[in-house]
Amino acid sequence: MLDQIDELFRQQREAWPLLGKGLVGLSEAKTRSVRAAGSDVLVRHIPHRVASTTAAVDRESIRRRPCFLCPENLDPAEKGLAFGATHTIYCSPFPIVERHLTVVHRDHRPQRIDGQLETMLDLAKELPGYFVVYNGPECGASAPDHAHLQAGSREGLPLVRGVAGKTGLATEIYGLRALQFRGDDRSRLLDEIVRALAILSSVTTKSPEPLCNTAVFHEPVAGWTAVIFPRSKHRPHAFQTGELTVSPAAIDLCGILVAPVAKDFERITGVDVEAIFREVTIPEEAFREVVARLESGR
Ligand SMILES: [Zn+2]
C-alpha cells in the first residue's frame with residue numbers, strides 16, 4: 001500500500017497542478033514549538049490552509065456549493081486509489097503534514113463516524129508510520145455532507161509522544177481531555193469505541209453522534225491506539241472575534257495547530273494554545289460522567 005501511495009503522489013504531482021502547488025506550500029511551511037499544559041504543540045504556518053480554516057460549514061452554505069468530494073466534481077487530473085469496498089484515497093491538495101491523504105466514501109452521504117470506524121482501523125494498519133483522523137460534521141469537517149477521513153505521516157506528531165506510555169482510559173494532553181483505546185483485537189476495539197461514542201452521545205445529549213474528533217495509528221507489536229477527543233464546540237471565541245484565525249480540527253488536536261495567517265503564527269503563545277484547547281474540549285463534569293459510565297460498564 002505504501003508503494004502505491006508513493007506512486008500516486010509521484011503521478012499526481014506531475015499531472016495535477018493544484019497538488020504540486022500544495023506540496024510546495026507545505027515545503028515552505030514554518031513550524032515552531034510551544035509548550036501547552038506541559039506538552040509540546042507545533043504551530044504551523046501554512047497560508048494555503050486559510051480557505052479550510054475559515055470555510056463556511058453552515059447548512060445553507062453547504063447546500064449551495066457543489067460537493068468537492070463527489071467524483072463528478074473533481075478536477076479531471078485528480079486520481080485516487082480504491083481502499084476496501086467503500087473508500088477512495090486521494091492526495092490532499094492542501095497538505096498540513098507529509099503524505100496528507102483525503103480518504104473519501106464512495107457515496108455522497110453525511111459525514112458520520114458510524115460506517116467509517118472499520119476503515120479507520122484497517123487503513124491505519126495498512127499504513128505503517130501514518131495516522132488516520134476523523135473530523136465530526138460540526139468539528140472541523142469542511143465537507144460535512146460527504147463522508148471522509150484523512151491520513152498522513154505521523155513523523156514528529158506530538159500526539160504520538162503525548163500518549164506514549166500512558167495507561168488508562170482517560171487522558172489529558174495539552175489542555176484537551178481525551179479517551180484512549182489500545183490493542184490488537186480489532187473487534188474488541190471497535191466495540192469499545194462504539195460504546196464510548198454512545199455514552200458520549202448520551203451524556204452530551206447530542207445525536208446521532210457526539211461532537212468529536214478521532215485519531216488512530218497502528219504499531220507492529222502494540223497494535224492500534226485510538227484517541228477520541230470529545231468537544232464542547234468547534235471554533236473558539238478568538239476565531240469568532242477575528243483575534244486569531246485558528247479553527248481546531250483533528251490534526252490540530254493531534255498537536256499541529258494550523259495558523260494560516262502570518263501574524264497569528266508569530267504571536268501565538270503556548271498559553272494561548274492551551275486556552276483554545278481548554279475552550280473547545282468537553283467540560284470536566286461531563287467528561288467525568290462519561291469515564292465513570294465507561295468504567296462501571298453502564
Ligand atoms: Zn459528495
Side-chain angles (χ1 to χ4, degrees), residues 37 105 109-125 131-141 144 147-150 159-160 162-218 222-236 248-255 276-298:
H105 199 288
R109 54 152 82 178
Q111 175 74 326
R112 292 276 154 73
I113 195 157
D114 182 30
Q116 298 197 93
L117 260 179
E118 293 84 351
T119 305
M120 285 189 83
L121 295 187
D122 295 343
L123 190 59
K125 192 172 181 176
F131 69 121
V132 181
V133 295
Y134 167 81
N135 282 320
E138 296 173 57
C139 296
H148 66 284
L149 306 165
Q150 295 177 59
L159 176 74
V160 176
V163 297
K166 282 193 180 170
T167 54
L169 185 63
T171 191
E172 197 175 315
I173 179 165
Y174 29 72
L176 290 169
R177 298 182 182 95
L179 299 169
Q180 56 176 359
F181 304 87
R182 295 170 193 273
D184 58 4
D185 182 336
R186 183 178 180 274
S187 63
R188 187 184 57 83
L189 208 60
L190 281 169
D191 287 348
E192 286 176 358
I193 298 169
V194 166
R195 185 162 161 265
L197 290 168
I199 291 174
L200 269 169
S201 200
S202 156
V203 169
T204 59
T205 63
K206 182 80 185 161
S207 63
E209 66 176 52
L211 296 178
C212 74
N213 306 89
T214 301
V216 179
F217 60 90
H218 187 273
W224 287 282
T225 297
V227 182
I228 300 177
F229 297 102
R231 305 279 297 259
S232 63
K233 55 151 84 167
H234 172 210
R235 285 173 165 153
I251 297 178
D252 304 81
L253 305 191
C254 290
I276 289 165
F277 284 165
R278 288 199 187 282
E279 186 187 348
V280 301
T281 196
I282 186 172
E284 187 174 5
E285 201 177 324
F287 188 63
R288 273 198 202 148
E289 189 182 341
V290 168
V291 174
R293 280 177 61 175
L294 272 167
E295 287 176 343
S296 74
R298 277 181 292 152

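The model shown is predicted, which means the values in this text are computed figures rather than measured ones.
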Using atom types as modelled and distance alone, determine if a side-chain donor or acceptor of Y134 lies under 3.5 Å from a backbone N or O of L117. no

Output for pair (Q180 CD, T171 OG1), nearest 0.5 Å, gives 5.0 Å

As an exercise, state the distance from NZ of K166 to OG1 of T225, rounded to the nearest 0.5 Å. 12.5 Å

Using a 4.5 Å cut-off on heavy atoms from C-beta on, say whether the side chain of D122 contacts that of R186. yes

Residue R109 excluded, over 12 heavy atoms near CZ under 6.0 Å: no

So, do I276 and P248 sit near enough that their side-chain heavy atoms are less than 4.5 Å apart? yes

Once you round to the nearest 0.5 Å, how far does CD1 of I228 lie from CD1 of I193? 6.0 Å

List the atom of R231, the atom of C139, and the distance in Å for their closest heavy-atom pair. CG-SG, 3.8 Å

When you measure from the side chain of T281 to the backbone N and O of R177, does any donor-acceptor pair fall under 3.5 Å? yes

Got a second to check how far L190's CG is from M120's CE, nearest 0.5 Å? 11.0 Å

Non-hydrogen atoms of N213 and G136 that approach each other most closely: ND2-N, 4.2 Å

If you define the side chain from C-beta out and look only at heavy atoms, does anything of V160 sit under 4.5 Å from F217? yes

If you take all heavy atoms of A196 and L294, which pair is closest and at what distance? CA-CD2, 3.8 Å

Is there a donor-acceptor pair closer than 3.5 Å between any side-chain N or O of E209 and the backbone N or O of I113? yes

In the structure I gave you, are the side-chain heavy atoms of F277 and L253 within less than 4.5 Å of one another anywhere? yes

For A170 and V291, work out which heavy atoms get closest and say how close. CB-CG2, 3.8 Å

Would a distance-only check, ignoring hydrogens and angles, find a side-chain to backbone donor-acceptor pair under 3.5 Å from W224 to L121? yes

dist E289:CD -> L200:CG (nearest 0.5 Å) comes out at 10.5 Å

Within a 6.0 Å radius of atom CZ on R288, are there more than 12 heavy atoms belonging to other residues, nucleotides or ligands? no

Under a 3.5 Å distance rule, please check whether Q111 uses its side chain to pair with a backbone N or O of N135 as donor and acceptor. yes

With a 4.5 Å heavy-atom cut-off, do K206 and E138 have their side chains touching? yes

Side-chain donor/acceptor of Q116 to backbone N/O of R112, under 3.5 Å: yes

Would you say that I282 contacts V203 through its side chain, given a criterion of any heavy-atom pair below 4.5 Å between the two side chains? no

What are the two closest non-hydrogen atoms of C254 and A215, and how far apart are they? SG-CB, 3.6 Å

With S201, the side chain to side chain contact (heavy atoms under 4.5 Å, CB included) member among P210, C212, P208: P210

Heavy-atom closest pair (D184 atom, G223 atom, distance to 0.1 Å) is CB-CA, 4.1 Å

Mark yes or no for whether D252, through its side chain, and A249, through its backbone, hold a donor-acceptor pair below 3.5 Å. yes

Is there a side-chain contact between P283 and S232, using heavy atoms and a 4.5 Å cut-off? yes

Please tell me if the side chains of F229 and V280 come closer than 4.5 Å, counting only heavy atoms from C-beta onward. no

Separation of L159 CG from Y174 OH (nearest 0.5 Å): 4.5 Å

Less than 4.0 angstrom from a charged side-chain N to a carboxylate O is my criterion; do E172 and R278 meet it? yes

